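To start, the structure itself, in structure tokens.
All values reported here derive from a predicted model rather than from experimental measurement.
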Amino acid sequence: MTLACACTQALAQANASAAAASDAPSQPQAQAGAAVDAPADASTAAESDPSSDRDLRWSGTASGAVLAASGSRDLDDADARFSAAARVRSELRAGAWRGLLEAVAGNKRLGYDDASPLRQAFAEYTAGPLQLRAGRQIVAWGRADRLNPTDNLSPRNMRALVSDIDEDRIGADLISARLQWHDRWSLTALHVPRLPASVLPGSLWKPLPGVRGERLRAAGATGALRLDYAGAGIDASLSVIDGYSTLPAFARAALPRLSQARVRVVGADFSASLGERWGLRGEFAATRFDGPPPPGLGDQRYAVLALERHFDGGWLGLAQYVRRRAERSREPAPLPAPLLRANRAIWFQSQRDSEGLYLGLNRAPLEGDLSGDIGVLQSLDGHGRAWFANLEYRLDDRWSLLARLQHFDGPADSDLGALRKDRLGLLELRRSWGWQR
């Protein structure tokens, strides 16, 4: 599932977040997705007025939704399901202080039960060029669209049925510091005591007797540094992560179980303007295991290069070239063959070399009645294709209709064919409320 997982984990990856409100200043604005600090259901009525002279400002939003899905995300060919979900977000500002809380609730039929309902809960203090933040946060890095090699601190609940794929992100408890200098440069440092692992579809291990696949948190700490430059016509960053991966893998044990491997990731990304209509952006990340890799896995390199074109009406079209290169482990693999295949699928190493072309059409979120994106990922090595659509139609200031469609096609033993049971259609009717004082 080399390219497939990149498509589904992120049918994503994604993450339109404002630079001032998150540790991910680099996400493209035209990308449809829940903002890291500002979910897509946030009402404009609840936005705080930055020009207000009041010392204390509070804003809050809430939303309720009913959903109908053609199946699940458990790779199990499940029947259609209907259910409801609720979300709340609250923000308090007082001088240099800011606090934010975001929670989501849903039942087991939506796959929400495998992740904490508390997505974010942090306190932030800003003193001149220094910003400190502590608590549960969502960190989304990367400037490419949907496929983000440098986004390695964002665990996901891959079982969750959500109309916006970025709403499956899981917050991590961490401490961050961001230093801004000379207007264009900033340095961000993160310390994550125990990074959560992504929640995988249960069907990967439930059919296998004795295999354990419980929720995981890393055995030790993870640290990260990111240097950003924001200039006239070009933005770029360099990043380093030393710690644990959000992607679990089956490890050596008497009874095979999931665990998180130690990794070191060096990444870079950029976006450049080529006039008023055209742009270029890309990302690269090299992942090396710190110690022996899990069975069947090896170090990997992952790159994305995109050419984009802006159109009238807020539309953005783009073409992205995707390339992965995985080094196979030379160590003996004591795990059963199904678990070795699962390791390679989870880590996008089903094929040692894989290339793909991603074509996307995006509409900037919350501009006009219609927003969202449509994309097609075509493998260049004959292993199939995937297409998806995430759309939102705003009926009025409070009501929205959201839809998500995804379809995978390819030989059963190929990257994209492995996800054929994750074909899905989902429709959601959402009602939001907003307050501020």
Would you sort out whether L405 and H407 count as a side-chain contact (heavy atoms from CB on, under 4.5 Å), showing the intermediate values?
CA-CA 7 Å; L405 302 171; H407 181 90; over 6 Å; no
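- For D77, there are no salt bridge (charged side-chain N to carboxylate O under 4.0 Å, His left out) partners, not counting sequence neighbours.
- When the shell of 6.0 Å around CG of D79 is examined, it contains 12 or fewer heavy atoms from other residues, nucleotides or ligands.
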Evaluate F388 against D373 for side-chain contact (heavy atoms from CB on, under 4.5 Å), listing each step before the verdict.
CA-CA 8 Å; F388 69 90; D373 60 345; 4.0 Å; yes
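- Side-chain atoms of L258 and L200, non-hydrogen and from C-beta on, do get closer than 4.5 Å to each other.
- A donor-acceptor pair under 3.5 Å is formed between the side chain of E283 and the backbone N or O of A144.
- Annotation for P196 and P155: closest pair O-CB, 3.5 Å, computed over non-hydrogen atoms.
- Distance check: S379 OG to Y358 OH gives 16.0 Å after rounding to the nearest 0.5 Å.
- Annotation: ring pair (Phe, Tyr, Trp, His ring centres under 6.0 Å) contacts involving residues 61-80, sequence neighbours excluded, are absent.
- A donor-acceptor contact shorter than 3.5 Å links the side chain of R194 to the backbone of A218.
- Between the E355 side chain and the L380 main chain, no donor and acceptor come within less than 3.5 Å of each other.
- S186 OG to L179 CG: the interatomic distance, rounded to the nearest 0.5 Å, is 8.5 Å.
- Side-chain atoms of T246 and L195, non-hydrogen and from C-beta on, do get closer than 4.5 Å to each other.
- Between the side chains of S154 and R169, at least one donor N or O sits under 3.5 Å from an acceptor N or O.
- A 4.5 Å side-chain heavy-atom check between R133 and L174 finds every atom pair outside the cut-off.
- Residues satisfying the salt bridge (charged side-chain N to carboxylate O under 4.0 Å, His left out) test with D76, not counting sequence neighbours, are none.
- One finds a salt bridge joining D166 and R156 here, because a Lys/Arg side-chain nitrogen approaches an Asp/Glu carboxylate oxygen to under 4.0 Å.
- Between the side chain of R385 and the main chain of V376, no donor-acceptor pair closer than 3.5 Å is present.
- Contact annotation: the side chain of L100 never approaches that of E124 to less than 4.5 Å [non-hydrogen atoms, C-beta and beyond].
- Between Q349 and R324 there is no side-chain heavy-atom pair separated by less than 4.5 Å.
- Atom OG of S176 is separated from atom CG of L153 by 11.0 Å, given to the nearest 0.5 angstrom.
- Under 4.0 Å is where a charged nitrogen must lie from a carboxylate oxygen, and between R87 and E102 at least one such pair does.
- With sequence neighbours left out, the ring-ring contact (aromatic ring centres under 6.0 Å, His included) criterion links W399 to no other residue.
- A heavy-atom distance below 4.5 Å is not found between the side chains of D145 and E308.
- Partners of R217 under the salt bridge (charged side-chain N to carboxylate O under 4.0 Å, His left out) rule, at least two apart in sequence or in another chain, do not exist in this structure.
- Within the 4.5 Å cutoff, the side chain of Q406 has no heavy atoms near those of the L419 side chain.
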Checking side-chain contact (heavy atoms from CB on, under 4.5 Å) for the pair L401/L427: CA distance, chi angles, key distance, verdict?
CA-CA 7 Å; L401 188 63; L427 189 65; 4.1 Å; yes
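- Without hydrogens or angle criteria, N157 side chain to R159 main chain gives a donor-acceptor distance under 3.5 Å.
- Taking every heavy atom of both residues into account, A69 and L424 meet most closely at CB-CD1, 4.3 Å.
- Salt-bridge formation is not detected for the pair D228/R178: no Lys NZ or Arg NE/NH1/NH2 atom is positioned less than 4.0 Å from an Asp or Glu carboxylate oxygen.
- Residues R423 and S70 are not in side-chain contact: their nearest non-hydrogen atoms beyond the backbone lie 4.5 Å or more apart.
- With sequence neighbours left out, the side chain to side chain contact (heavy atoms under 4.5 Å, CB included) criterion links A219 to Y244.
- With sequence neighbours left out, D173 forms a salt bridge (charged side-chain N to carboxylate O under 4.0 Å, His left out) with R136.
- Other residues, nucleotides and ligands contribute more than 12 heavy atoms inside 6.0 Å of the CZ atom of R262.
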Cut-off 3.5 Å, no hydrogens considered: what does the side-chain donor-acceptor table look like for residues 104-111, sequence neighbours left out?
unit_1, atom_1, unit_2, atom_2, d
N107, OD1, S83, OG, 2.9
N107, OD1, R109, N, 3.3
N107, OD1, L110, N, 3.4
N107, ND2, S83, OG, 2.7

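- Remark: side-chain polar atoms of D151 are not paired, donor with acceptor, to backbone N or O of A140 under 3.5 angstrom.
- The side chain to side chain contact (heavy atoms under 4.5 Å, CB included) test applied to A306 returns R281, L318, Q320, not counting sequence neighbours.
- Evaluation of the ring-ring contact (aromatic ring centres under 6.0 Å, His included) rule for F289 yields W347 as partners, not counting sequence neighbours.
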Between R98 and E91, does a salt bridge (charged side-chain N to carboxylate O under 4.0 Å, His left out) hold up when you go through it step by step?
CA-CA 7 Å; R98 172 180 175 238; E91 182 175 347; 2.9 Å; yes
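- Residues passing the ring-ring contact (aromatic ring centres under 6.0 Å, His included) test with F311, sequence neighbours excluded: none.
- If you take CG on L391 and CG on L402, they are separated by 9.0 Å, rounding to the nearest 0.5 Å.
- Note that OG of S59 and CZ of R93 are 7.5 Å apart. Values are rounded to the nearest 0.5 Å.
- For the atom pair CD1 (I241) and OG1 (T222), the distance works out to 8.0 Å, reported to the nearest 0.5 Å.
- Using modelled atom types, one side-chain atom of Q378 and one backbone atom of G384 make a donor-acceptor pair closer than 3.5 Å.
- Residue pairs meeting the salt bridge (Lys or Arg N to Asp or Glu O under 4.0 Å) criterion with at least one member in residues 309-319, sequence neighbours excluded: R277-D312.
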Go through Q260 and S245 one step at a time and tell me if the side-chain contact (heavy atoms from CB on, under 4.5 Å) criterion holds.
CA-CA 6 Å; Q260 288 171 265; S245 171; 5.7 Å; no
